[in-house]
There are 2 protein chains.
Amino acid sequence: MVTRAESAAATRRALLDAAAELLDLGGPDAVTLREVGAKAGVTRGAPYRHFADKDSLLTAVASEGWERLADRVHALRTDPSRPASEKLRDAVRALVDLGRAQPHLHRMLFRWNDKRLGTLERLHRQVCGPAGDPDAADRAAGRFQEEFLAVVTAVAGERGAGHHGALLLAGAHGIVDMEHGGHLGADRWRTTADELVGTLVRVVVEAGER
Amino acid sequence: MVTRAESAAATRRALLDAAAELLDLGGPDAVTLREVGAKAGVTRGAPYRHFADKDSLLTAVASEGWERLADRVHALRTDPSRPASEKLRDAVRALVDLGRAQPHLHRMLFRWNDKRLGTLERLHRQVCGPAGDPDAADRAAGRFQEEFLAVVTAVAGERGAGHHGALLLAGAHGIVDMEHGGHLGADRWRTTADELVGTLVRVVVEAGER
DNA sequence: AATTTTCAGATGACGTTGTCACCTCAACCA
DNA sequence: TGGTTGAGGTGACAACGTCATCTGAAAATT
């Protein structure tokens with residue numbers, strides 16, 4: 001026998017999986033609540049028992065993406081059998097790999113607060129208080145950032161670690177994003193995304209050591 | 001008296017302006033063909049006389065964004081009154097400024113081939129031949145890249161200019177994109193987007209000189 | 001054990017959207 | 001001048017997000 005809580009949890013999981021799969025295949029617009037429901041074996045209205053709206057569902061998917069990334073970097077960081085510099089390279093590569101394997105999810109990770117127009121967002125938060133769901137994604141992304149920052153610190157020391165960590169993250173994200181857009185494909189640059197990531201890490205680490 | 005061609009050209013312009021304005025205000029989803037038409041003084045069906053579909057309209061807007069950027073960098077590059085290193089800094093800053101002023105347009109610039117799933121896209125192009133509209137955006141983006149590359153070459157020389165140019169572009173794009181997403185706002189990094197751009201340019205130029 | 005409450009899920013409905021087929025009519029060309 | 005063209009208007013359609021309402025079974029209460 002299945003308790004109600006179990007059944008609900010299973011449905012929620014199925015909804016998240018279905019949404020993630022549709023996201024990978026066709027991007028956010030391809031994630032229709034009707035099809036998500038169908039894939040999860042429920043009807044179009046069911047998702048509203050688990051998520052406030054479509055955006056919340058996608059935010060939850062992004063949230064799990066950050067979690068996975070954070071776990072991976074954490075495992076990497078706490079592995080004593082490898083030198084710190086290798087760890088940093090692999091931490092960056094973890095982000096790049098996820099971006100390569102799941103381009104649309106990558107886009108989602110760096111877009112969960114897309115709707116806010118900057119200023120409007122802060123006003124909204126001041127008035128309504130922090131919303132429940134976005135904060136989950138916020139926290140998950142924060143966990144990844146903490147882990148990543150720790151890896152950077154292990155290599156470059158406390159001094160300017162945040163600055164260089166942010167530069168690494170932004171650089172890696174930019175490279176992956178431009179690769180998706182086809183902006184690195186032109187043979188104008190005479191390079192590849194992999195070479196760029198390599199140079200990025202080397203150059204930033206050297207700057208950090210100085 | 002207005003000729004038909006003039007009237008049509010004016011409508012097309014009005015449609016592009018309206019779409020660009022709506023894009024700036026609320027992102028791609030806020031660009032409704034109905035509202036675009038209304039702003040341009042026509043009805044919802046009229047845009048289809050000028051653009052194949054909504055995506056083509058947005059692609060055309062992105063195309064003009066690239067054009068503007070290319071023009072700006074070109075003017076900068078051919079100004080003899082300033083040192084090459086300053087020009088490079090300002091070329092990067094041109095991209096950053098546009099990203100700051102028009103976040104949604106920035107997103108659009110790096111996303112005009114979002115729908116393609118990489119492999120699928122190439123198959124489609126092989127079968128159907130190059131589509132008319134995406135190639136326009138492609139060319140406009142290419143013009144910007146050429147101009148930017150020329151600026152980089154003037155500073156760092158031919159050797160590895162493409163590599164370092166691509167790294168600069170990807171880095172700048174990544175920084176702006178992360179800023180939009182709020183991922184630089186956390187005081188975890190103890191830095192700002194401006195500082196990051198500064199470090200990026202300095203570090204890459206140093207690497208290029210070596 | 002019987003009854004009430006709760007809540008996941010189903011269903012019908014509504015407004016909005018992109019898109020198309022069809023219509024109109026003024027500018028254009030022969 | 002009469003036919004052609006093509007920009008724009010209009011009605012219609014399917015798909016979508018979302019909500020109000022209903023249902024039935026699990027859970028809580030008595």
Side-chain angles (χ1 to χ4, degrees), chain A residues 1-19 21-23 25-62 104 108 111-112 114-115 131-134, chain B residues 1-19 21-23 25-62 104 108 111-112 114-115 131-134:
Chain A
M1 172 198 156
V2 276
T3 76
R4 182 152 66 179
E6 283 169 353
S7 157
T11 299
R12 187 191 153 89
R13 184 94 296 276
L15 288 172
L16 284 169
D17 291 342
E21 187 177 339
L22 289 173
L23 177 67
L25 288 176
D29 290 341
V31 181
T32 57
L33 289 186
R34 283 163 165 84
E35 198 153 353
V36 167
K39 265 186 182 289
V42 292
T43 57
R44 87 222 157 213
Y48 286 90
R49 288 290 141 189
H50 301 270
F51 305 95
D53 52 12
K54 176 181 173 179
D55 214 66
S56 292
L57 172 58
L58 286 174
T59 300
V61 171
H104 290 295
M108 199 61 61
R111 174 231 80 109
W112 40 264
D114 199 47
K115 280 189 175 173
D133 242 343
Chain B
M1 169 198 158
V2 276
T3 76
R4 182 153 64 179
E6 282 169 353
S7 158
T11 300
R12 186 189 152 90
R13 184 93 296 275
L15 288 172
L16 284 169
D17 291 341
E21 187 177 338
L22 289 173
L23 178 67
L25 288 176
D29 289 342
V31 180
T32 334
L33 288 185
R34 282 162 166 84
E35 197 153 354
V36 167
K39 266 186 181 290
V42 292
T43 56
R44 81 213 168 222
Y48 286 90
R49 288 289 140 193
H50 301 270
F51 305 95
D53 52 13
K54 176 181 173 179
D55 213 67
S56 291
L57 172 59
L58 286 174
T59 300
V61 171
H104 291 294
M108 199 61 61
R111 174 231 80 110
W112 41 263
D114 200 46
K115 280 190 176 174
D133 243 343

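Because only heavy atoms are used, hydrogens play no part in the values below, and waters and symmetry mates are left out as well, while side chains stay in. These numbers come from a predicted model, not from an experiment. Quick note on labels: first sequence line is chain A, next is B, and so on, each numbered from 1.
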- Task: Apply side chain to side chain contact (heavy atoms under 4.5 Å, CB included) to the pair B:Leu33 and B:Phe51, showing each step before the final yes or no.
- Result: CA-CA 11 Å; B:Leu33 288 185; B:Phe51 305 95; over 6 Å; no
- Query: Expressed in angstrom and rounded to an integer, what is the separation of B:Lys54 atom NZ from C:dT17 atom P?
  - Reply: 9 Å
- With A:Pro28, which of A:Arg111, A:Lys54, A:Met108 fulfils side chain to side chain contact (heavy atoms under 4.5 Å, CB included)? A:Met108
- Take atom CG of B:Leu58 and atom C1' of C:dT17, then tell me their distance rounded to the nearest Å. 14 Å
- Query: Nearest to the side chain of B:Leu33 - C:dC28, C:dA10, C:dG18?
  - Reply: C:dG18
- Heavy-atom pair with the smallest gap, counting every atom of B:Val36 and B:Ala19: CG2-CA, 4.0 Å
- Task: Provide, to the nearest angstrom, the distance between the CZ atom belonging to B:Phe51 and the P atom belonging to D:dG8.
- Result: 11 Å
- Evaluate the side chain to side chain contact (heavy atoms under 4.5 Å, CB included) criterion for residues B:Thr32 and B:Leu22: first the C-alpha distance (whole Å), next the side-chain angles of each, then the deciding distance (0.1 Å), finally the verdict. CA-CA 8 Å; B:Thr32 334; B:Leu22 289 173; 5.6 Å; no
- Message: With a 4.0 Å limit, can you tell me whether B:Tyr48 has a side-chain N or O closer than that to the phosphate oxygens OP1/OP2 of C:dC20?
- Response: no
- Task: Name the nucleic acid region contacted by A:Val36, choosing base, sugar-phosphate or nothing; use a 4.0 angstrom heavy-atom cut-off, strictly under.
- Result: nothing
- Task: Ignoring the backbone of A:Ala8, work out which of D:dT18, D:dA27, C:dA8 is nearest its side chain.
- Result: C:dA8
- Of B:Leu15 and A:Gly45, the one whose closest DNA chain D nucleotide lies more 5': B:Leu15
- Task: Compare the minimum distances between each of D:dA12, C:dC28, D:dA7 and the side chain of B:Arg49, then state the nucleotide with the smallest one.
- Result: D:dA7
- Nearest listed nucleotide, side chain of B:Thr32, among D:dG8, D:dG9, C:dG18: C:dG18
- Item | Length of the CG-P vector between A:Leu22 and D:dG17, whole Å | 11 Å
- Query: When you measure from the side chain of A:Thr11, which nucleotide among D:dC16, C:dG9, C:dT11 comes out closest?
  - Reply: C:dG9
- Flag the pair A:Leu15 / A:His50 as yes when at least one side-chain heavy-atom distance between them is below 4.5 Å, and no otherwise. yes
- A:Arg44 side chain: which of D:dG17, C:dG12, D:dG8 is closest? C:dG12
- Note on the structure: Out of D:dT10, D:dT18, C:dG18, minimum distance to the side chain of B:Arg34 belongs to C:dG18
- Message: Measuring from the side chain of B:Val42 (C-beta onward, heavy atoms only), which nucleotide among C:dA13, C:dT19, D:dG9 has the closest atom?
- Response: D:dG9
- Query: A:His50 has a side chain; which of C:dA13, C:dG9, D:dG8 sits nearest to it?
  - Reply: C:dG9
